[in-house]
Amino acid sequence: MKRLTLRKFVYLLLALLVFNCSSDSSDDVQEQEEENQNSAVTYNNTVRAIISNNCTNCHGNPTANGAPTSYTTYTQVRNGIDNIISRINNASNPMPQNGLMTQSLRDDIQQWKDDGLLEN
Ligand code: HEC
């Protein structure tokens, strides 16, 4: 009788252990999925390409065509972000000068600011 109780106890422990392990790993999977879904806009994953495709032929290093500032590094773009957001959305004085970029590219830049101006 005593022996049977001990065995039940061991089974119970094993069952708890297995249950715990499997619920832990499904939590991990869920966290990972949430991270992927909410992955932030960063300079390196999004913003650098937008600026280099649309801006740095003038705002390069050195600058060209009368552009006053270089936007070729993370720090330069981060420091200029308020001016940049204002000009990329200014239909009467747009940057780039030949017309506004698509809404989705402009939203990406705004989202970068909202996400905290991350580099990576
Ligand atoms: C064809 C050249 C050219 C391109 C391309 C261009 N700019 Fe400019 N940019 C200029 C010139 C010239 C000025 C100065 C005159 C003015 O303010 O309109 C300027 C001024 C600015 C200013 C105000 C001054 C400053 O640096 O704070 C911002 C902000 C700016 N540009 C951002 C951008 C961004 C962002 C892009 C790309 C999305 C871009 N520009 C693309 C030529 C360009």
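Order of appearance sets the numbers: ligands from 1, and atoms from 1 within every ligand. Hydrogens, waters and symmetry mates play no part in the numbers below; they use all other heavy atoms, side chains included.
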Of all the N, O or S atoms in H59, which one sits nearest to atom 8 (Fe) of ligand 1? NE2
With no hydrogens and no angle check, is any side-chain donor or acceptor of N54 less than 3.5 Å from a backbone partner on I50? yes
For the backbone of S39 and the side chain of D115, can you confirm whether one donor and one acceptor N or O come within less than 3.5 Å of each other? no
If you round to the nearest 0.5 Å, how far is CG of N53 from CZ of R48? 11.5 Å
Which of the numbered atoms in ligand 1 are below 4.0 angstrom from a heavy atom of I84? 29 (C), 35 (C)
So which protein heavy atom does atom 36 (C) of ligand 1 come closest to, and at what separation? C55 SG, 2.7 Å
Residue N65 vicinity, atoms of ligand 1 by number, heavy atom under 4.0 Å: 12 (C)
Polar atom proximity, Y71 to ligand 1 (N or O, under 3.5 Å): yes
If two hydrophobic side chains count as joined below 4.5 Å and joins carry through other members, does L105 share a cluster with I88? yes
Nearest-0.5 Å distance, CD1 of residue I109 to CD1 of residue I51: 4.5 Å
In Å, rounded to the nearest 0.5 Å, how long is the span from CG of N93 to CZ of R87? 3.5 Å
Heavy-atom contacts with T69 under 4.0 Å: which atoms of ligand 1 show up? List them by number with element. 25 (C), 26 (O)
Check whether T63 reaches the backbone of C58 with its side chain - one donor and one acceptor, N or O, closer than 3.5 Å. no
Measure up the W112 and Y74 rings against each other and bin them: parallel (under 30°), tilted (30 to 60°), perpendicular (over 60°). perpendicular
Within reach of ligand 1, part of N57 (heavy-atom separation under 4.0 Å): side chain
Within the structure, is a non-hydrogen atom of G80 found at a distance of less than 4.0 Å from ligand 1? no
From S52, A64, C58 - option closest to atom 43 (C) of ligand 1 by heavy atom: C58
Shortest protein contact, atom 28 (C) of ligand 1 (heavy atom only): R87 CG, 4.0 Å
Is the shortest N/O to N/O distance between Q97 and ligand 1 below 3.5 Å? no
If you scan protein heavy atoms around atom 32 (C) of ligand 1, the nearest is M95 CG, 3.6 Å
Find all atoms of ligand 1 within a distance of less than 4.0 Å from any non-hydrogen atom belonging to N54, and give their numbers and elements. 5 (C), 37 (C), 38 (C), 41 (C)
M95 side, atom CE; I85 side, atom CD1 - distance, nearest 0.5 Å: 15.5 Å
Contacting atoms of ligand 1, where contact means under 4.0 angstrom from a heavy atom of N83: 27 (O), 29 (C)
Is it the side chain (CB and beyond), the backbone, both or neither of I88 that lies under 4.0 Å from ligand 1, heavy atoms counted? side chain
Please report whether atom 20 (C) of ligand 1 has a protein non-hydrogen atom at a separation of less than 4.0 Å. yes
Ligand-side contact atoms (ligand 1) for residue partner P68, heavy atom cut-off under 4.0 Å: 13 (C), 14 (C), 19 (C), 20 (C), 24 (C)
Any donor-acceptor N or O pair under 3.5 Å, side chains Q111, D107: no
dist T42:OG1 -> L117:CG (nearest 0.5 Å) comes out at 11.0 Å
